[in-house]
2 protein chains.
Amino acid sequence: MVSTTRSVGRPRVSVLSRRLIAETALRLLDEGEDAGFRMTDLARALGVRVSSLYNHVSGKSAVYAEIREILSERIGEDAAPSPHWDVALRDWARAYRAAFAAHPSTVAVLAVLPVGESSMVSVAYNDLVTQLVSAGWTPAESMNIIVAVESFILGSALDSSAPQDMLDPGGRTDVPVFAAAYEARRETAARDGVAPADLAFTLGLDALLVGLRSQLAARPV
Amino acid sequence: MVSTTRSVGRPRVSVLSRRLIAETALRLLDEGEDAGFRMTDLARALGVRVSSLYNHVSGKSAVYAEIREILSERIGEDAAPSPHWDVALRDWARAYRAAFAAHPSTVAVLAVLPVGESSMVSVAYNDLVTQLVSAGWTPAESMNIIVAVESFILGSALDSSAPQDMLDPGGRTDVPVFAAAYEARRETAARDGVAPADLAFTLGLDALLVGLRSQLAARPV
DNA sequence: ACCTGAACACCGTTCAAGT
DNA sequence: ACCTGAACACCGTTCAAGT
């Protein structure tokens with residue numbers, strides 16, 4: 001938030017940049033209650049008028065694209081490489097989900113936004129495919145594994161970002177078993193001090209990896 | 001599309017209903033290029049003015065909620081019950097994904113929309129939890145399994161609904177292994193006459209179930 | 001109770017004018 | 001090249017009037 005007023009015309013030093021705009025938008029998303037952000041609010045937070053933004057980004061979706069870049073860079077930083085394909089895949093999945101789970105309101109939008117040409121995301125894919133292929137998977141299988149794991153990650157991130165009571169049976173009496181299980185899950189999570197969504201993610205990721213290992217082991221050499 | 005013009009005032013027979021509105025919106029979503037639908041277009045398709053819609057639904061999100069009901073009813077119809085928990089889970093997952101994959105543009109919205117009280121979805125959960133518990137899983141585990149599988153389904157449905165070239169490395173030369181694997185995957189899918197996204201879904205679902213079976217088998221009795 | 005017609009509100013985007 | 005100010009466009013929602 002900049003409090004000085006600025007007159008019309010080009011300022012002496014440039015106030016904005018594509019990256020700064022995206023970082024500010026990300027902050028607004030984190031602070032805000034609701035899913036999106038307003039271009040007006042984004043401009044105000046930058047101490048600028050809305051129309052100024054369009055000198056740096058082509059529109060709102062370009063801001064989201066830049067946000068994806070920010071987040072995907074963090075995935076690369078957090079995921080330490082491992083010589084074991086399954087460990088590498090697991091760590092990548094955890095870092096991927098953590099990056100999104102830290103910014104829940106971005107998930108729904110980014111999940112459907114195409115990956116741009118310049119994206120760092122492709123580099124991470126390249127590394128993973130390399131490792132999977134050298135472990136014995138075919139290139140096509142490697143792609144499918146990555147897409148499957150990524151689908152699970154995005155779905156889990158969506159689940160984390162969904163309202164708490166997304167599935168809450170509430171006061172319904174016609175689904176007693178479901179209601180009891182819902183409650184048991186909440187208690188288990190509370191006792192472990194984690195979010196219910198984390199339990200499901202851990203369970204699912206473990207199951208996926210166990211399954212993949214066993215499928216790789218079972219194949220003809 | 002109704003071509004007759006109607007004068008002001010209450011018509012002799014009611015033209016609209018909540019269900020009809022949602023069915024028409026679903027049809028618009030299927031036919032349309034882009035992700036959403038316009039209330040104006042929805043009204044026109046029903047031969048009515050926009051404001052009329054608000055006599056039956058509280059707003060656009062209520063239309064989406066009704067669409068979810070329509071789709072979830074179809075899941076129930078398609079998924080045949082099985083005495084084996086893993087088969088039941090697999091069939092449910094397939095039916096679930098098929099229902100969404102048939103209407104790609106609904107996925108992104110429905111994934112973040114809370115499940116209403118009256119939803120049929122809860123009934124399906126109740127049945128699945130019952131079956132999982134009697135197979136030996138705890139209630140909390142059963143919930144986590146369902147949530148994990150559902151996350152995978154929604155993520156996969158998002159993947160199916162994403163633009164074809166969502167991950168396309170295009171002409172990039174800095175990610176050769178990824179580009180080759182991407183191409184290999186496309187060829188494999190083309191040879192089998194299925195969408196690439198289907199391959200990833202099948203592989204991932206199989207891995208998940210193999211993993212879950214082995215985890216259930218490995219536990220102390 | 002349920003439709004029409006007109007108005008309002010919100011918000012993303014454009015563009016000439018200014019330095 | 002980059003900001004301001006004003007206008008425009010689009011679209012969801014509201015509400016009085018009419019039967």
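Proteins get letters first, then strands, A, B, ... in listed order; numbering begins at 1 in each.
- Salt-bridge check for B:Lys60 with B:Glu66: failed, with every basic side-chain N at 4.0 Å or more from each acidic carboxylate O.
- For the pair A:Ser52 and D:dC2, the criterion of a side-chain N or O lying under 4.0 Å from OP1 or OP2 is not met.
- Contact check on A:Arg97 versus A:Asp198 returns a salt bridge, with a Lys/Arg side-chain nitrogen under 4.0 Å from an Asp/Glu carboxylate oxygen.
- Here D:dT13 presents its P atom at 10 Å from CG of B:Leu53, a figure rounded to the nearest Å.
- Between atom OH of residue A:Tyr96 and atom CG of residue A:Leu89 there is a gap of 12.5 Å, rounded to the nearest 0.5 Å.
- Computed from coordinates, the A:Leu20 CG to D:dC2 C1' distance equals 15 Å when rounded to whole Å.
- A close approach under 4.0 Å does not occur between any side-chain nitrogen or oxygen of A:Ser51 and OP1 or OP2 of C:dT14.
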Kindly give the atom pairs (protein nitrogen or oxygen, nucleotide nitrogen or oxygen) under 3.5 Å for nucleotides 9-11 of chain D.
residue, atom, partner, partner atom, Å
D:dC11, OP1, B:Arg38, NH1, 2.5

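- Among D:dT4, C:dT13, C:dT4, the nucleotide with an atom closest to any side-chain atom of B:Val48 is C:dT4.
- Rounded to a whole Å, the CZ atom of A:Arg44 is 16 Å from the C1' atom of D:dT4.
- Using a 4.0 Å cut-off, some side-chain N or O of A:His56 falls inside it from OP1 or OP2 of D:dC3.
- Using a cutoff of 4.0 Å between basic side-chain nitrogens and carboxylate oxygens, A:Asp30 and A:Arg27 are not scored as salt-bridged.
- The closest side-chain donor-acceptor pair between B:Tyr64 and B:Glu69, if any, does not fall under 3.5 angstrom.
- Rounded to a whole Å, the OH atom of A:Tyr54 is 18 Å from the P atom of D:dA6.
- When base pairs are accepted only as Watson-Crick or G-U wobble with both N-N or N-O distances under 3.5 Å, DNA chain D takes part in stems of 3 or more pairs at C:4-8 with D:12-16, C:12-16 with D:4-8.
- Checked against D:dG5, D:dT13, C:dG5, the side chain of B:Arg49 finds its nearest nucleotide in C:dG5.
- Neither side chain, A:Arg68 nor A:Thr106, offers a donor N or O lying under 3.5 Å from an acceptor on the other.
- Regarding B:Leu46, its CG atom lies at a distance of 15 Å from the P atom of C:dC2, rounded to whole Å.
- Of the charged side-chain nitrogens involved, at least one lies within less than 4.0 Å of a carboxylate oxygen, so that A:Arg186 and A:Glu183 count as a salt-bridged pair.
- Using a cutoff of 4.0 Å between basic side-chain nitrogens and carboxylate oxygens, B:Arg191 and B:Glu187 are not scored as salt-bridged.
- The side chain of B:Val50 approaches D:dT13 more closely than any other nucleotide in the set C:dG12, D:dT13, D:dC15.
- Along DNA chain C, the nucleotide closest to B:Asn55 and the one closest to A:Ser58 are compared, and the more 5′ of them pairs with B:Asn55.
- Side-chain atoms of B:Arg185 and A:Ser142 include no donor-acceptor pair closer than 3.5 Å.
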